[in-house]
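In what follows, a single structure is set out as structure tokens and then discussed.
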Amino acid sequence: MSHRGRSRGRGFGRGKYYESSGSEHSYQYGRGCRGRGSYYMQNQPQSYLSPHSESCSSNVDTRHNSIQRSVSPQPIITPQPKLDFQTQTFLDGLRRVWNLLISDLPLLSGDGLGLLLLLLLSSLFGRNIACVDEIIWKKSENVSRMLQEYLSSVVDPYESAFNVAVNCPDFYQGKPNSLPVAVIEELATYLKNKKGEYASCLTHSIKLEIFNTFTKQRNGFLTKLAFDVYELQADKNMFIQQVQDFIKNQQYKEACQSATYLGLDHFHIEDFVIPLLFQDKLTIAEDYLRISPPAQVATAEYLDRLLQGKFGVNIEDTIRRLNVPELKREKLQYKPMSKLLTRFLKIYNLPPSSCPNLTQKRREGALQFVIRKHYKYNEIDGECWREMATEAASGDPFLEEELVQLVNLHGDIVEAAYFAEKFRIPFNKLPYNVATYLRTGYTMDEEGDFSPPRVMKQEQFKSKHVMKLPADHVVTMVGSDDELWRCSEVVGQSVMVGLDAEWKPAFCAESETLSLLQISTQHETFLIDVIATQSSPVWRDVTRVLFANTEILKLGFGLTADLIKLKESLILNDTKLTGMGYLDLNLLWKKLMREFNVTLPYKGKERDGVEGLSKLVSLCLGKPLDKSEQFSNWDRRPLREAQKLYAALDAYCLLKVYEVLCTECTNQGVPFLDVCHDIMLANANSTKKPKKKKNPHKVEHVELLPPINREPIKAKELSVVCDTMLQGLGLHLRSVGVDVEILKNTQNHNVCVALCHQDNRVILTKGSVYNRLYQQVPQGMCYRVQKVTAKDQLVEVLNYYNVIVTKDDIFSRCQDCNNAVFKKLSPAELRKVIDSTHTTKRMSNYDLDLAEDEYDDYVDYGEFSDGSGYSDEDLPAPPIISGPPRSFPEEVSASAVVEKKEEEEEEEEEPYGYGCVTTSGAHIKHESIPKEVFNKVPVFYICDSCGHCYWDGSHLERILGGRLKHIVTK
């Protein structure tokens, strides 16, 4: 009867049991029943199973009873070689030393077990060991000495090391720092100068045994290490059949790793590269692509063909043809696939011509981007607009015609005709009105009449209220060695300069290279042509005088990106471009606002941006920057005057912003110089760690900060702002009386930060946006919502901030505008309001005959839809008409209304709503009230802010008895 030995690890280790046969114990090693295999009797015939079946068995549920386990046959791993007594004794001792914990040493050294261990170790090491403290945990000098002495005592170290490694209990566990790794590493060390002595031991049989055994364990590093030490690459062709067997069994990971480690680069990409990409095993596939340049090009072309035409049809056809198991469907969409292809182009430095479909899609997107920048946002115009539009469409007949069509759709026939003539598009391919204009010089309106074209002037796009360079400020273009030398002399005499850099936007997959470097002093700005001076030897002097000189303060905004481009484009003698002497005003601005709440001289405007340099300039100097030339062709020579002024101003404004920040901090008692020193010191001490590979669909975990309140608060005391991802939650919070601002789809997430600082609102967001926003607001003022549905999110937020919701809070705010002030009007008063309007559309709206069932619905629900497509289950109440406001401010309470009414009668003032408008000037939206409801309901509630009308109905009771049943406090 066999007995199971103690299994090691977390239920996944290999156990050991022994058979009692007379006075001898015969040890057999197998994988424990809670691990990855089963025990077998000593005389039981052993069979080989493929790794695929072995891996499948690891998912077998082992929680059944012993009878079920005995009936179901367990998989058997490749049997380990039987060890002789001397090797087995060595392995047992090695295991004990390897697993010895330092924390156990004092205990072991003071009892009988410790003495026994000392004797055992002394016999193994061949010398006396005074105490157990000499033995160090894991791979130590003693472990290395044991292995080196053992390998020197055997005839065939290759075979012996293989036997020891395979019989280690953690061989199949895939641990990176395991005993088998130590064994093979020590074998490599031992053979470093003795390979010729043991060359005859490296037979084909041992190599085949290495391949068959090591490819079945999960540690890729151990597999590669064994392949290298046993020199499998020298006979790599003998393993082609084994790799093909992996492919046939759909073991793509094992096939790819084996081909990579052996250097077999002649396989087709559909053999395992494409299946691994479909399984989202990108790292393994990239290891193979790294050794096979032809496979890099083939993979890029293969993925590019999937992007051609109807991507969904192409990808489904490929999936059915390859029959790849364990697909990651979320990765097989157009956007992830195009990003993957872009990644391959970048890391393997492939030309854009290798993927024409991706290049075409990117150029189409770039053209749409330029069109929006010009016509929708008015951010680029004039020559900049024309050169960037030409850059996006030039050379592609389809895009050239598309550009003319898009410009014509925006009503700019003059620009459409300009591009039509520039690209020489035939008349039969032009829009009719553009062709007419080119023939006659006139445009044709909708009625067929001819009229001169409307020409858009550049002044319509540009704002006059922008910052400009002083009249005496000099702008110098630097394009030669002499000019660069003079620049270094002038800059070397300064104590502070502004730095900025420009480069041409990349439309396709080509890399962006530095085009222009701006260095500004108080009286002169140098525009250095990097393209013309890139190889100039004077850059060594510029590096010594400026970049390596910590005495000159170099200012920038978003300085890291500019310095990275600078270091990629110029030879700067490995100069460190961070730390002391480099101050990023963006970091300084955030630190002053976050930690010291510094007040700047000007308020700025919303159109100036939220976090950009133009916004900071507007806050400090009262005028924003003109960014119309930001998106332009900086490789073009000569530069336009508008480009030169823009580039010079971008660097010069940094000096003026620094002066204003210094002055304001001094006036407000902020240690400005200390703050600047801390920022530069932090950048100097920061060591850039290698980026960890992240799952793009996995949200980075950030520990949630505690709420700002611990005691219960009323619903009306909580003020929040919901970003665009939580608009449904915002409407639900409004329905329970919470003060909520909801971002529109066109607004940026950073608007939340501005509202938080301005109105002291808590930011509610979700996903990775939280990681960016919570650092810009005080502690507890940003919360990341975890739940998915709006109803669950409502409960989560109310519980987190300990909000008490009463019945009076329900619908106490307007669902559309968030206003909490309402005016109560009776039907008669509302009729007077409607009659007071001067529009022709009066009470005829209420003369419509409605069906009886429609009337029942109106009276029962007291609500209507605004055509947005939301149902009653989606929204807490419709945005136009919903249930009644349940609570009102004191000025509109019942008694206050009566008193106010009496005062109005006495003073004979103009009645409320005269002209059908509220006191705030909003039109009272009475048109949506049906005739039956108008005659039935005794009181209407008018939102004083937006004019929406509400009335009492059964909607409130249904809500209280439904989704708000466990939220409202009785």
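If you read the sequence from its start, that first residue is 1, and numbering goes on from there.
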With a 4.5 Å limit on heavy-atom distance, are the side chains of Tyr288 and Leu276 in contact? no
In the structure I gave you, are the side-chain heavy atoms of Leu303 and Cys355 within less than 4.5 Å of one another anywhere? no
What's the verdict on side chain to side chain contact (heavy atoms under 4.5 Å, CB included) for His204 and Leu208, showing C-alpha distance, side-chain angles and the deciding distance? CA-CA 6 Å; His204 284 183; Leu208 189 61; over 6 Å; no
Please confirm whether the backbone N or O of Ala255 pairs with a side-chain atom of Ser258, one donor and one acceptor, at under 3.5 Å? no
For the pair Val324 and Gln250, evaluate side chain to side chain contact (heavy atoms under 4.5 Å, CB included) and give the outcome as yes or no after the intermediate values. CA-CA 8 Å; Val324 179; Gln250 294 185 324; over 6 Å; no
Straight-line distance of Glu301 CD to Ile269 CD1, nearest 0.5 Å: 8.5 Å
Are the side chain of Tyr261 and the backbone N or O of Ala226 linked by a donor-acceptor pair below 3.5 Å? no
Identify the heavy atoms of Arg784 and Lys766 that sit nearest to each other, and give their distance. CG-CA, 3.8 Å
Partners meeting ring pair (Phe, Tyr, Trp, His ring centres under 6.0 Å) with Phe221 (sequence neighbours left out): none
Given 3.5 Å as the limit, does a donor-acceptor pair link the side chain of Thr223 with the main chain of Phe214, or not? yes
Determine whether a donor-acceptor pair (N or O, by modelled atom type, separation under 3.5 Å) exists between the side chain of Asn163 and the backbone of Glu159. yes
Run the side chain to side chain contact (heavy atoms under 4.5 Å, CB included) test on Leu327 and Asp280 for me, step by step, so that the C-alpha distance in whole Å, both residues' side-chain angles and the decisive distance to 0.1 Å come before the verdict. CA-CA 8 Å; Leu327 290 173; Asp280 194 24; over 6 Å; no
Short side-chain to backbone donor-acceptor contact, Ser354 and Pro351, under 3.5 Å: yes
Under 6.0 Å between the ring centres of Phe246 and Phe272? no
Can you check side chain to side chain contact (heavy atoms under 4.5 Å, CB included) on Phe278 and Thr318, steps first, answer last? CA-CA 10 Å; Phe278 285 8; Thr318 306; 3.9 Å; yes
So, does Thr215 use its side chain to make a donor-acceptor pair with the main chain of Phe211 at under 3.5 Å? yes
Heavy atoms only: give me the nearest Leu187-Ala161 pair and the separation to one decimal. CD2-CB, 3.7 Å
Heavy-atom side-chain proximity of Glu185 to Val229 below 4.5 angstrom: no
Minimum heavy-atom separation for Ile291 to Gly263, with atom names? CD1-CA, 4.1 Å
What are the two closest non-hydrogen atoms of Glu209 and Thr213, and how far apart are they? O-OG1, 2.8 Å
Mark yes or no for whether Asn219, through its side chain, and Lys175, through its backbone, hold a donor-acceptor pair below 3.5 Å. yes
Nearest heavy-atom neighbours spanning Lys207 and Asp235: NZ-OD2, 2.6 Å
Given 3.5 Å as the limit, does a donor-acceptor pair link the side chain of Asp304 with the main chain of Ala300, or not? no
pair Glu286-Ile347: side-chain heavy atoms closer than 4.5 Å: yes
Measure the spacing between CG of Leu322 and CD of Glu270 and express it to the nearest 0.5 Å. 4.5 Å
How long is the span from the CD atom in Gln217 to the SG atom in Cys168, to the nearest 0.5 Å? 11.5 Å
Within a strict 4.5 Å, meaning less than it, do heavy atoms of the Leu264 and Asn237 side chains meet? yes
Polar contact flag, side-chain donor to acceptor under 3.5 angstrom, Gln333-Lys335: no
Working to the nearest 0.5 angstrom, can you tell me the gap between Leu262 CG and Ile240 CD1? 9.5 Å
Without hydrogens or angle criteria, can the side chains of Tyr150 and Glu186 be said to hold a donor-acceptor pair below 3.5 Å? no
Side-chain contact, heavy-atom cut-off 4.5 Å: Glu254 with Lys216? no
Would you please test Lys224 and Asp228 for salt bridge (Lys or Arg N to Asp or Glu O under 4.0 Å) and show each step? CA-CA 6 Å; Lys224 186 178 186 306; Asp228 292 340; 3.1 Å; yes
So how far is it from Leu151 CG to Met146 CE, rounded to the nearest 0.5 Å? 11.5 Å
Looking at Gln279 and Pro325, would you say the former's side chain and the latter's main chain have a donor-acceptor pair under 3.5 Å? yes
Give me the ring orientation class for Phe344 and Tyr348: parallel if the planes are under 30° apart, tilted from 30 to 60°, perpendicular past 60°. tilted
Taking C-beta and beyond as the side chain, do Leu222 and Phe171 meet within less than 4.5 Å on heavy atoms? yes
What about Tyr230 and Tyr158, are their ring centers closer than 6.0 Å? yes
With no hydrogens and no angle check, is any side-chain donor or acceptor of Asp265 less than 3.5 Å from a backbone partner on Ser292? no
Can you find a pair of side-chain heavy atoms, one from Lys339 and one from Thr342, that are under 4.5 Å apart? no
Looking at Phe311 and Leu306, what are the two nearest heavy atoms and their distance? CD1-O, 3.1 Å
Flag yes if more than 12 heavy atoms outside Glu326 fall under 6.0 Å of its CD atom; otherwise flag no. no
Passes salt bridge (Lys or Arg N to Asp or Glu O under 4.0 Å), Asp287 versus Arg290? Steps please. CA-CA 5 Å; Asp287 290 339; Arg290 198 172 292 113; 2.9 Å; yes
Give, for atom CG of Leu341 and atom NZ of Lys346, the distance between the pair rounded to the nearest 0.5 Å. 14.0 Å
